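Keep in mind the model is a prediction, meaning the values are calculated, not measured.
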Amino acid sequence: QVQLVESGGGLVQAGGSLRLSCTASGRTFSNYVMGWFRQAPGKEREFVAGIGRDGYNIYYTDSVKGRFTISRDNPKSAMYLQMDSLKPEDTAVYYCAAAEPWRRFYRGNDYYRSTNYDYWGRGTQVTVSS
């Protein structure tokens, strides 16, 4: 198993920036496809960004393209989400997720499905005020 812990959330004004971190422990981090998801009050959890094992395959949901940047540092067992130009609609609890090494991600759509991820952190709250 792998344990995931998010940090970096907080309250920020619209147009501001935050950097979320996800640290992993337990097994070899580079074996896991990783993703960020978010859930706003009264809404379903949605995909935000995903990154392949070596960091080269990267996908974003349309609403964050050009504003958010996902990255990972395998030697540090960490993943990041740099969020710029934040909007009130970005307000949500943000979760990091990891997929078991045996799963195969052939297309971008594979990263979008929450059911393709097996391990989840507890989340970090991001609140963007208008």
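Val126 and Ile70 fall within a single hydrophobic cluster, where Ile, Leu, Val, Met, Phe, Trp and Tyr are joined by side-chain heavy atoms under 4.5 Å apart, directly or via other members. Hydrophobic clustering (side-chain heavy atoms under 4.5 Å, transitive across Ile, Leu, Val, Met, Phe, Trp, Tyr) groups Ile58 together with Val64. Cluster annotation: Phe37 is not connected to Leu81 through the hydrophobic network of ILVMFWY side chains, with a link wherever side-chain heavy atoms come within less than 4.5 Å. Hydrophobic cluster membership differs between Tyr112 and Tyr60, with clusters built from Ile, Leu, Val, Met, Phe, Trp and Tyr side chains linked at under 4.5 angstrom. Linking ILVMFWY residues whenever their side-chain heavy atoms come closer than 4.5 Å, directly or via other members, leaves Val48 and Tyr80 in distinct clusters.
Arg19 contributes no side-chain N or O that, together with a main-chain N or O of Gln82, makes up a donor-acceptor pair within less than 3.5 Å. Judged by distance alone, the side chain of Thr127 and the main-chain N or O of Leu11 form no donor-acceptor pair under 3.5 Å. Looking at Asp73, its side chain never comes within 3.5 Å of a backbone N or O of Ala78 through a donor-acceptor pair. Glu6 places a side-chain N or O within donor-acceptor distance of the main-chain N or O of Gly123, the cut-off being under 3.5 Å.
A cation-pi arrangement, defined by a distance under 6.0 Å to the six-membered ring centre and an angle within 45 degrees of its axis, is present between Arg45 and Tyr95.
When all heavy atoms of Ser130 and Pro88 are compared, the closest pair comes out as CB-CG, 3.8 Å. Ser17 and Ser85 get closest at one heavy-atom pair: OG-N, 4.4 Å. The two atoms that bring Leu18 and Gly8 nearest to each other are CD2-O, 3.8 Å, heavy atoms only. The nearest pair of heavy atoms linking Phe29 to Ala24 is CD1-CB, 3.5 Å.
Rounding to the nearest 0.5 Å places CG of Asn57 at 14.0 Å from CZ of Arg107. For the atom pair CZ (Arg72) and SG (Cys22), the distance works out to 9.5 Å, reported to the nearest 0.5 Å. Atom NZ of residue Lys65 and atom OH of residue Tyr59 lie 10.5 Å apart, to the nearest 0.5 angstrom. Atoms OG1 and CG, on Thr69 and Asp84 in that order, are 6.5 Å from each other to the nearest 0.5 Å.
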Original post:
Hey, mind stepping through Arg27 and Glu100 against side-chain contact (heavy atoms from CB on, under 4.5 Å) and telling me if it holds?
Top reply: CA-CA 11 Å; Arg27 288 164 69 174; Glu100 279 282 13; 4.0 Å; yes
Original post:
Would Met79 and Cys96 count as a side-chain contact (heavy atoms from CB on, under 4.5 Å) if you check the C-alpha gap in whole Å, the side-chain angles of each, and the deciding distance to 0.1 Å?
Top reply: CA-CA 8 Å; Met79 176 179 66; Cys96 74; 3.5 Å; yes
Original post:
Under the side-chain contact (heavy atoms from CB on, under 4.5 Å) criterion, do Arg103 and Asp118 qualify, and how do the steps go?
Top reply: CA-CA 10 Å; Arg103 291 193 184 275; Asp118 303 283; 2.8 Å; yes
**OP:** Test salt bridge (charged side-chain N to carboxylate O under 4.0 Å, His left out) on Arg104 and Asp110 and set out the steps.
**Re:** CA-CA 8 Å; Arg104 292 295 174 260; Asp110 295 334; over 6 Å; no
**OP:** Apply salt bridge (charged side-chain N to carboxylate O under 4.0 Å, His left out) to the pair Arg67 and Asp90, showing each step before the final yes or no.
**Re:** CA-CA 11 Å; Arg67 300 189 299 120; Asp90 295 318; 2.7 Å; yes
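A donor atom on one side chain and an acceptor atom on the other are not found under 3.5 Å apart for Glu89 and Thr91.
Ring-plane geometry between Tyr94 and Phe68 is classed as tilted, the angle between the planes lying from 30 to 60 degrees on a 0 to 90 degree scale.
Looking at Met34 and Tyr117, their side chains never come closer than 4.5 Å, going by heavy atoms from C-beta outward. Residues Ser114 and Trp120 are in side-chain contact: their nearest non-hydrogen atoms beyond the backbone lie under 4.5 Å apart. Looking at heavy atoms from C-beta onward, Tyr32 lies in side-chain contact with Tyr119 at the 4.5 angstrom threshold. Contact of the Tyr56 side chain with the Ile51 side chain is not registered, since no non-hydrogen atoms from C-beta on lie closer than 4.5 Å. Between Leu20 and Met83, some side-chain heavy-atom pair lies under the 4.5 Å cut-off. Looking only at side-chain heavy atoms (C-beta outward), Ser30 and Arg53 stay at 4.5 Å or farther from each other.
In this structure, Glu46 pairs ionically with Arg38, as a charged nitrogen and a carboxylate oxygen lie closer than 4.0 Å.
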